[in-house]
Amino acid sequence: FEGKGYPTYQNFDSGIVSYGRFQFTLAAGSLGTVCRRYCERSLTPTADEVRTNYLARILARDSQLRQDTRLRDLLIAAAEEDVMKQSQNEVATEGFWDRMLALSARPRNIQLPLSLAMLFDIAVNFGVMHGLLTRAEDELGVPQRSRVNDNGVSEQQIIVQLADIRKRSHDRQAERDKLPGLK
């Protein structure tokens, strides 16, 4: 997980505001889903202020929130509440884990824990429709969405290819955005 878990907050990349254990973003709308659930369930003063002053703007993906330090402080404070932790976990499970299993792992019979962890991480960081896995299949010369072993390629082979594609992607981004640490 990026950062320091549930209260992690950053506002310096294309996500506009990225928050929480799984870096839910304002730009993609996942931050709105987390905040909506939190506001529906929590009755704390923190939730009241988020609900009253920010929820509509978060749901509208208002890019002006990037510089809003009060929103930052409220989100960091909300991370101490079990309701916020549950909301983050539920949205990650439903939006990334379950969808990754249905769209990527199960159709291909990918089962190893490290393989699933990598697919989950890629779904969180690139979206569940990332296309990296089908690119790995293309590079290995197997039909897209075919089952490992049945297609002549082992699970380990496709995951190694996927890791290489992801590394190349990060290397290009590091070069483009002058972020050598990304390599």
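Please read these numbers as outputs of a predicted model, since none were measured by experiment. These numbers come from the heavy atoms of this one structure, side chains and all, not from hydrogens, waters or symmetry mates.
Note: Y6 and F22 fail the aromatic proximity criterion, with ring centroids not under 6.0 Å apart.
The minimum heavy-atom distance between Q157 and G152, with the atom names listed, is OE1-O, 4.2 Å. The two residues G32 and L59 make their nearest non-hydrogen contact at O-CD2, 3.6 Å. Minimum interatomic distance between S154 and N149 (heavy atoms only, all atoms of both residues): CA-OD1, 3.5 Å. The minimum heavy-atom distance linking V50 with C39 is given by the pair CG1-SG, 3.6 Å. Closest of all the heavy-atom pairs between Q88 and F24 is O-CZ, 3.3 Å. Summarising the geometry of T25 relative to G15, their closest heavy-atom pair is CB-O, 3.7 Å, with the distance given to 0.1 Å.
Judged purely by distance below 3.5 Å, without hydrogens or angles, the side chains of T8 and Q23 never pair a donor atom with an acceptor atom. Looking at R70 and N53, their side chains never bring a donor and an acceptor atom within 3.5 Å of each other.
Checked for salt-bridge contact, R72 and D68 miss the test: no charged N lies under 4.0 Å from a carboxylate O. Salt-bridge annotation for R145 and E137: absent, with no side-chain N of the basic residue lying under 4.0 Å from a carboxylate O of the acidic one. By the 4.0 Å N-to-carboxylate-O rule, E94 lies close enough to R37 to be salt-bridged with it. A salt bridge does not link E90 with K85: every distance from a Lys NZ or Arg NE/NH1/NH2 to an Asp or Glu carboxylate oxygen is 4.0 Å or more. Taking a cutoff of 4.0 Å between a charged side-chain nitrogen and a carboxylate oxygen, D48 and R51 qualify as a salt bridge.
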| Full working for side chain to side chain contact (heavy atoms under 4.5 Å, CB included) between S104 and H130 | CA-CA 10 Å; S104 297; H130 53 77; 4.3 Å; yes
